[in-house]
2 protein chains.
Amino acid sequence: MILEKKKAFNSFAAEKGLRSTRQRDIILDIFLSTHQHISVEELYLKIKSSNPGIGHATVYRTLKLFAESGLAREIHLHDGQTRYEHAMEGEHHDHLVCTGCDTIIEFEDETIEKLQREIASRHGFKINNHKMEIYGLCSDCRK
Amino acid sequence: MILEKKKAFNSFAAEKGLRSTRQRDIILDIFLSTHQHISVEELYLKIKSSNPGIGHATVYRTLKLFAESGLAREIHLHDGQTRYEHAMEGEHHDHLVCTGCDTIIEFEDETIEKLQREIASRHGFKINNHKMEIYGLCSDCRK
DNA sequence: TTTGTATTGAAAATGAATATCAAAAGCATA
DNA sequence: TATGCTTTTGATATTCATTTTCAATACAAA
């Protein structure tokens with residue numbers, strides 16, 4: 001699966017005429033090895049620890065490329081940091097965010113997606129993307 | 001209705017032991033006179049034009065207070081600016097955002113809200129808040 | 001008034017993200 | 001393999017929204 005994703009990114013890169021570089025390979029490997037919702041800073045530190053030479057800007061640039069290629073998706077929660085999650089074709093993750101402990105739980109609900117499409121078409125919109133976040137307290141934090 | 005909101009904010013302020021100041025009155029008046037989704041900068045400029053003395057920081061601070069009091073709600077679209085909308089008890093606005101012309105259309109859907117509550121309770125969450133934005137192209141921009 | 005504290009505004013600081021630009025690296029071609 | 005052109009990189013500076021700092025000011029209770 002990771003291999004497929006690498007291939008997918010490589011063909012995206014080839015199509016765009018991008019060169020293949022050591023840095024992009026490393027960032028891709030490490031990004032693919034992470035869990036969901038990693039912030040740029042977190043990823044940067046992770047990369048730094050094994051590859052001290054790689055710069056801040058490169059990580060930002062490369063993650064934008066991943067998003068463009070469809071490999072990753074940007075998410076903006078309420079703390080002013082951009083995070084990236086692994087994106088797969090046609091797959092959508094919505095989020096339950098605990099404001100107590102910052103736990104993020106993913107969910108999908110086909111009925112909601114369907115209703116979104118209905119609402120959009122009722123207003124003449126063509127959906128590209130959507131995001132939905134529910135903020136609250138998880139059972140642990142309510143205690 | 002505007003009067004009620006002012007009263008509501010004043011009792012919130014009283015409860016918190018906040019003082020009543022000329023600046024907060026002015027900012028409240030002007031905020032209440034605006035339409036939905038005003039950015040801090042836009043509001044600041046509007047305020048500045050009639051009250052040149054009022055500072056940037058005060059506008060930021062006061063809007064945070066409004067949000068805390070329940071009078072306003074923060075919204076974060078994807079351009080790095082915080083906007084505020086008028087919030088009313090129990091009322092929720094979700095948004096259809098046109099990425100072509102930045103038009104924002106509000107909608108509400110009780111079925112979606114119900115499904116959200118179900119999902120949350122299934123995960124043991126108590127909802128405080130939610131946001132949902134659908135990004136796409138409106139009929140004009142698709143032409 | 002007087003006094004204690006909250007609030008303000010100007011300016012500085014922060015922090016995320018982007019731009020700049022010279023040096024380095026990739027890649028096609030000779 | 002060497003050459004030359006172009007992309008990419010990384011250090012640094014910059015931008016922009018927002019927050020902090022702090023001395024001066026305003027509020028409200030006594």
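Throughout, a chain's letter reflects where its sequence line sits, starting with A, and its residues are numbered from 1.
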Anything under 3.5 Å between a protein N or O and an N or O of nucleotides 28-30 of chain C, put it in a table, one pair a line.
none

Discussion item. Any heavy-atom pair between the side chains of B:V97 and B:I134 that's under 4.5 Å?
Written reply: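 With C-beta onward as the side chain, the pair stays apart.
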Worksheet item: Hey, are the side chains of B:D140 and B:C98 touching, using non-hydrogen atoms and a 4.5 Å cut-off?
Response: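 A side-chain contact under 4.5 Å is absent here.
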Item to complete: Evaluate side-chain contact (heavy atoms from CB on, under 4.5 Å) for A:D94 paired with B:M132, printing each intermediate quantity in order.
Response: CA-CA 9 Å; A:D94 294 317; B:M132 180 166 128; over 6 Å; no
Discussion item. Among C:dT8, D:dT8, C:dA16, which nucleotide has an atom closest to any side-chain atom of A:Q81?
Written reply: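 The closest nucleotide is C:dA16.
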Worksheet item: Taking the side chain of A:K64 as its heavy atoms from C-beta onward, which of C:dT18, D:dT9, C:dT7 lies nearest to it?
Response: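 Nearest nucleotide to the side chain: C:dT18.
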Worksheet item: Under 4.0 Å between a side-chain N or O of A:Y60 and OP1 or OP2 of C:dT18?
Response: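 Looking at the OP1 and OP2 atoms of C:dT18, neither is under 4.0 Å from any side-chain N or O of A:Y60.
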Worksheet item: So, is A:T82 near the phosphate of C:dA17, with a side-chain N or O under 4.0 Å from OP1 or OP2?
Response: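 Answer is yes, contact under 4.0 Å.
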Practice prompt. Taking A:R83 for its side chain and A:R73 for its backbone only, find out whether a donor-acceptor pair lies under 3.5 Å.
Written response: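 No, because the side chain of A:R83 does not come within donor-acceptor range (under 3.5 Å) of the backbone of A:R73.
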Worksheet item: Got a donor-acceptor contact below 3.5 angstrom from the A:T62 side chain to the A:V59 backbone?
Response: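 Checking the backbone N and O of A:V59 against the side chain of A:T62, no donor-acceptor pair under 3.5 Å is found.
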Worksheet item: So, for B:H95 and B:H37, is the gap between ring centers shorter than 6.0 Å?
Response: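 Aromatic pair counts; centres sit under 6.0 Å.
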Filtered N/O pairs between nucleotides 10-13 of chain D and protein, under 3.5 Å:
unit_1, atom_1, unit_2, atom_2, d
D:dG10, OP1, A:Q23, NE2, 3.2
D:dG10, OP1, A:G53, O, 3.2
D:dG10, OP2, A:G55, N, 3.2
D:dG10, OP2, A:T58, OG1, 2.6
D:dG10, N7, A:R61, NH2, 2.6
D:dG10, O6, A:R61, NH1, 3.3

Worksheet entry | Audit row: B:K131, A:Y135, side-chain contact (heavy atoms from CB on, under 4.5 Å) steps and yes/no | CA-CA 8 Å; B:K131 63 190 235 186; A:Y135 295 90; 4.1 Å; yes
Worksheet item: Going by modelled atom types, is there a donor-acceptor pair between the base of D:dT6 and the side chain of A:R19 at under 3.5 Å?
Response: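 In this structure, the two groups form a donor-acceptor pair.
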